[in-house]
Amino acid sequence: ALKMATLFELFGFVLLVIETLIGMVGNGFIAIVNCIDGFRSRKLSPADMILSCLSLFRFAFHAVLMQAAIFNLFFMDSFLMPKIKFSSDSSWLFLNTASLWFAAWLSVLYCVKIVNFSHPLFLFPGLVPWLLLGTLVYSALATIVATMDITLISECSSYESLLGNNTDSGIKTSDFCKYSIFLYVVPDLFPFMIFLFSSILLLTSLWRHKNLLRNTAKDVSTEAHLNAIKALASFCILYVSSFFVEILNAVLSWMDTVDLWVRIFFFNVIAAYSSGHAIILIFINPRLKQESVRILHQLKRWLHRRTFRWVCP
């Protein structure tokens, strides 16, 4: 059954659609360019491997995010909603956990490039694929454990409804259900801590490097370092804000105390993080920026020809 949304909720949904389209186009563009370059050169650099995985998973996550927003905003609860919610929550957890890990590895990569640029251990070609594979295994295991908990929680809720107001049963399933939120929070804490540690180490190294270069000329490597820092600094703000919003959304949703417009706002913040970082990566990366300018130029010429044919048939 359909339900009516308020004007503020519809505005938030329209904004979410725009952010989702930007995010899917941006992340899809990064993934396609990296895949084409990898197919041509028969190899991918460690950074391109991480960026490709990050972009693909973010592309899929935007689709899951939009699905969750549509069902929360326009559809009332029915006998099908538990199954849909189970599938949506499982996909959300897997894609989000993997994306957080990929973003954390990208931060570590930037950190190693600047902190220990002469000995880039992290850039060893055989190490990155294993890190990416381990990320997928970790995310899958975390999702399986959490989805098993979802089934147990539904059984707890059904059993409590049968108990009614009987307080002499001695079974406190609601207390157990409250602690299950940690199964959603804990898997995301590990990549967040890795990201935070590498970012702090990177900023500390940049500050020291800046002091050393006060009386020297600015070289090419310093410019490359500063470009990486620009990407990481902007990404750090998006990453941290989105992480805490996701945790807050999970806690409030589990407690069933969040209003619909608040949830739509949370969705917008999460979508803005993924979309904003994709745009930043495109403008910071010279190869991606050059390719995007070329495509926009071709699109502009195509639109100009179409308009000329329409005006002057």
Side-chain angles (χ1 to χ4, degrees), residues 16-69 91-92 94-110 113 122-123 125-136 139-140 191 224 227-228 230-232 234-235 238-239 242 267 270-306:
L16 179 63
V17 171
I18 296 175
E19 292 175 350
T20 300
L21 290 177
I22 294 175
M24 296 184 78
V25 171
N27 287 292
F29 171 78
I30 294 174
I32 291 174
V33 170
N34 285 333
C35 291
I36 292 176
D37 289 346
F39 179 78
R40 289 175 179 175
S41 61
R42 301 296 180 180
K43 64 178 181 179
L44 281 175
S45 65
D48 289 338
M49 289 183 189
I50 299 175
L51 280 176
S52 298
C53 292
L54 179 61
S55 301
L56 289 174
F57 272 72
R58 280 180 173 173
F59 185 92
F61 181 76
H62 273 292
V64 174
L65 180 64
M66 181 56 60
Q67 180 196 44
S91 302
W92 179 298
F94 175 73
L95 295 172
N96 182 60
T97 303
S99 298
L100 289 175
W101 272 108
F102 293 144
W105 294 135
L106 186 63
S107 176
V108 173
L109 177 64
Y110 287 143
K113 278 187 174 182
F122 186 79
L123 301 183
L127 179 61
V128 174
W130 285 106
L131 289 175
L132 299 179
L133 179 61
T135 295
L136 296 179
S139 303
N227 289 334
K230 291 177 183 178
L232 182 61
S234 56
F235 175 44
L238 295 171
Y239 188 101
S242 176
F267 287 170
I270 296 171
Y273 149 69
S274 178
S275 303
H277 187 229
I279 299 302
I280 292 171
L281 286 173
I282 292 174
F283 280 100
I284 292 298
N285 190 302
R287 178 171 54 87
L288 294 175
K289 183 178 180 180
Q290 181 181 3
E291 191 67 23
S292 64
V293 171
R294 186 183 66 84
I295 293 177
L296 290 176
H297 182 67
Q298 292 180 351
L299 180 61
K300 182 179 179 180
R301 292 178 57 184
W302 180 80
L303 291 176
H304 179 74
R305 289 197 300 266
R306 296 286 295 182

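None of these values were measured; they are calculated from a predicted model. Along the sequence shown, residues carry numbers from 1.
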Next item on the list: For the residue pair Phe57 and Phe94, categorise the inter-ring angle as parallel (less than 30°), tilted (30 to 60°) or perpendicular (more than 60°).
Entry: tilted
Margin query: As an exercise, state the distance from OG of Ser139 to CH2 of Trp101, rounded to the nearest 0.5 Å.
Written below: 8.5 Å
Next item on the list: Mark yes when over 12 heavy atoms from residues, nucleotides or ligands other than Arg294 sit less than 6.0 Å from its CZ; otherwise mark no.
Entry: yes
Margin query: To the closest 0.5 Å, what do you measure between CG (Asn34) and CG (Leu288)?
Written below: 6.0 Å
Notebook entry, point to check: When rounded to the nearest 0.5 angstrom, what distance separates NE2 in His62 from CD in Gln67?
Noted result: 15.0 Å
Margin query: I need the minimum non-hydrogen distance between Ser91 and Val64, along with the two atoms involved.
Written below: CB-CG2, 3.9 Å
Note to self: Are the side chains of Ile295 and Gln290 in contact, using a 4.5 Å heavy-atom criterion?
What the structure shows: no
Check: Where the side chain of Asn96 meets the backbone of Trp92, is there a donor-acceptor pair that is under 3.5 Å apart?
Finding: no
Next item on the list: Check each of Cys35, Ser292, Ser52, Ser55 against Ile30 using the side chain to side chain contact (heavy atoms under 4.5 Å, CB included) test, and report the only one that passes.
Entry: Ser55
Notebook entry, point to check: Are the side chain of Ser275 and the backbone N or O of Ala272 linked by a donor-acceptor pair below 3.5 Å?
Noted result: no
Note to self: Between Met66 and Phe267, is the side chain to side chain contact (heavy atoms under 4.5 Å, CB included) condition met? List the steps.
What the structure shows: CA-CA 9 Å; Met66 181 56 60; Phe267 287 170; over 6 Å; no
Next item on the list: Considering non-hydrogen atoms only, spot the tightest contact between Leu54 and Ser99 and give its length.
Entry: CD1-O, 3.5 Å
Notebook entry, point to check: What pair of heavy atoms forms the shortest contact from Leu109 to Pro46, and how long is it?
Noted result: CD2-C, 4.3 Å
Margin query: Quick one, Asn27 and Phe61 - any side-chain contact, counting heavy atoms below 4.5 Å?
Written below: no
Check: Considering all heavy atoms of both residues, which atom of Leu44 and which atom of Met49 are nearest to each other, and what is their separation?
Finding: O-CE, 3.3 Å
Checklist line | Gap separating the CD1 atom of Ile270 from the OG atom of Ser242, nearest 0.5 angstrom | finding: 5.5 Å
Check: Given side chains that start at C-beta, do those of Leu65 and Leu16 come closer than 4.5 Å, heavy atoms only?
Finding: yes
Checklist line | From CD1 (Ile50) to CH2 (Trp105), nearest 0.5 Å | finding: 8.5 Å
Next item on the list: For the pair Asp48 and Lys43, find out whether any cationic side-chain nitrogen is under 4.0 Å from an anionic carboxylate oxygen.
Entry: no
Next item on the list: Report the C-alpha distance between His277 and Leu106 in whole Å, list the side-chain angles of each, state the deciding distance to 0.1 Å, and finish with yes or no for side chain to side chain contact (heavy atoms under 4.5 Å, CB included).
Entry: CA-CA 12 Å; His277 187 229; Leu106 186 63; 4.0 Å; yes
Note to self: Would Arg58 pass as a cation-pi partner of Phe102, given that its NZ or CZ must be under 6.0 Å from the six-membered ring centre and within 45 degrees of the axis?
What the structure shows: no
